[in-house]
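Structure record follows, encoded as structure tokens.
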Amino acid sequence: MEISLPQAAEMLHSANTIVLTAHVHPDGDSLGSMLALYAALQADGKKVCMLLDDVVPAMYHFLPNWKKISKPVDNDRFTPDLLVVLDASDIERIGKVQNIVKAPILNMDHHISNTKFADYYYIDSKVAATGEIILALLKLMKSNVTADIGTCLYTAIATDCGFFRYANTSAATLRDAADLVEAGAQPQCISEALEQRSIANLITLTKVLQTIETHHEGKIATMTILPDLLSDPDENTEGFINYARSIEGVEIAILFRAIDERTVRISFRSHRADVSQVALKFGGGGHIRAAGCTVHDTLENAMAQVLPVAVAQIR
Ligand code: 5GP
Ligand code: MN
Ligand code: MN
């Protein structure tokens with residue numbers, strides 16, 4: 001059932017025990033939104049915990065309370081009053097948490113591809129980040145937006161709009177960011193923490209850059225990552241795809257990351273074309289200009305299937 005933001009605030013107000021979760025392959029928005037809501041609900045005296053079916057990438061270890069995020073194990077069982085699912089557009093995106101927590105689901109999200117899977121959902125695909133929704137929610141709940149909450153929400157918003165450069169950056173996005181800086185978020189510290197990478201990761205980037213190929217008269221650029229290219233399977237390749245999109249004349253950039261012989265993670269970025277439609281055709285989802293999916297096939301077959309669908313999306 002679709003609900004308004006005041007109704008979402010009311011649901012949180014009347015729940016005593018709350019589990020928060022967010023999508024696997026976590027990013028700044030999913031983590032920042034979850035950590036901000038966690039801090040606000042805790043200050044409100046709620047019994048709240050955060051479950052995430054994935055590891056928190058090292059680049060986000062500057063976020064306050066990240067260590068309180070736990071990874072569920074198979075025989076865990078939780079029966080809170082409410083399960084809040086953040087920044088996730090379908091139930092598969094929360095992994096194991098869907099089987100472990102038995103509770104009504106409240107989903108707060110901004111993906112255009114949202115499947116409306118939750119018992120109660122508030123979806124605003126016009127905002128740049130779920131973090132913008134959480135800030136509006138905290139204002140409605142009259143929560144104190146502390147410096148820590150400011151740091152989490154600034155990270156959520158800034159990462160999802162490419163530090164205020166992408167098409168989803170609105171005047172409201174910038175006003176939200178200003179409010180968060182007033183609350184104590186430090187833009188320079190946050191961007192420095194996120195920009196830092198190991199020398200090994202930089203070398204990985206140089207190798208991935210060498211795999212760039214263009215297709216369809218230079219309108220599509222692909223990058224590929226084979227499993228043995230990464231020294232650590234969890235190595236962060238976020239941001240690599242932006243180099244492919246930055247090539248003059250490229251409309252859609254696609255990163256194919258082979259996890260094993262039969263699993264390929266695919267990321268799409270575009271300037272205008274709706275890549276959420278491409279990702280949806282392969283069981284994934286996302287936004288108009290940033291989307292992703294997983295194809296269970298070889299890298300070669302995945303590329304052969306996905307490329308024509310991407311081409312069809314370019315008008
Ligand atoms: P990324 O390429 O950074 O993994 O993802 C880009 C966007 O697409 C993000 O907003 C992310 O939430 C969404 N996305 C990525 N992979 C999937 C997927 O497998 N399923 C769905 N529903 N969305 C995805
Ligand atoms: Mn996200
Ligand atoms: Mn998001």
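Order of appearance sets the numbers: ligands from 1, and atoms from 1 within every ligand.
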among protein heavy atoms, the one nearest atom 3 (O) of ligand 1 is Arg269 NH2, 2.8 Å
Check your understanding: Is ligand 1 less than 4.0 angstrom away from at least one heavy atom of Ala290?
Key -> yes
shortest atom 12 (O) of ligand 1-to-protein heavy-atom contact is with Arg93 NH2, 2.9 Å
Closest to atom 21 (C) of ligand 1 among protein heavy atoms sits Gly285 N, 3.2 Å
Here the vertex angle at the Mn ion (ligand 2) for OD2 of Asp27 and NE2 of His23, given to 10°, is 100°
Residue, atom and distance of the protein heavy atom nearest atom 4 (O) of ligand 1 read Arg265 NH2, 3.3 Å
**Report entry** Tyr120 atom OH, neighbour heavy-atom count above 12 within 6.0 Å
**Finding:** no
For Ser267, the atoms of ligand 1 under 4.0 Å from one of its heavy atoms are 1 (P), 2 (O), 4 (O)
Worksheet entry | Short N/O/S contact of Asp160 with the Mn ion (ligand 3) (below 2.8 Å) | yes
_His111 heavy atom under 4.0 Å from ligand 1_ = yes
*Does Glu92 have a non-hydrogen atom less than 4.0 Å from ligand 1?*
no
Under 4.0 Å between heavy atoms, the region of His287 that gets near ligand 1 turns out to be side chain
Among the N/O/S atoms of Asp87, the Mn ion (ligand 3) lies closest to OD1
Of all the N, O or S atoms in Asp29, the one nearest to the Mn ion (ligand 3) is OD2
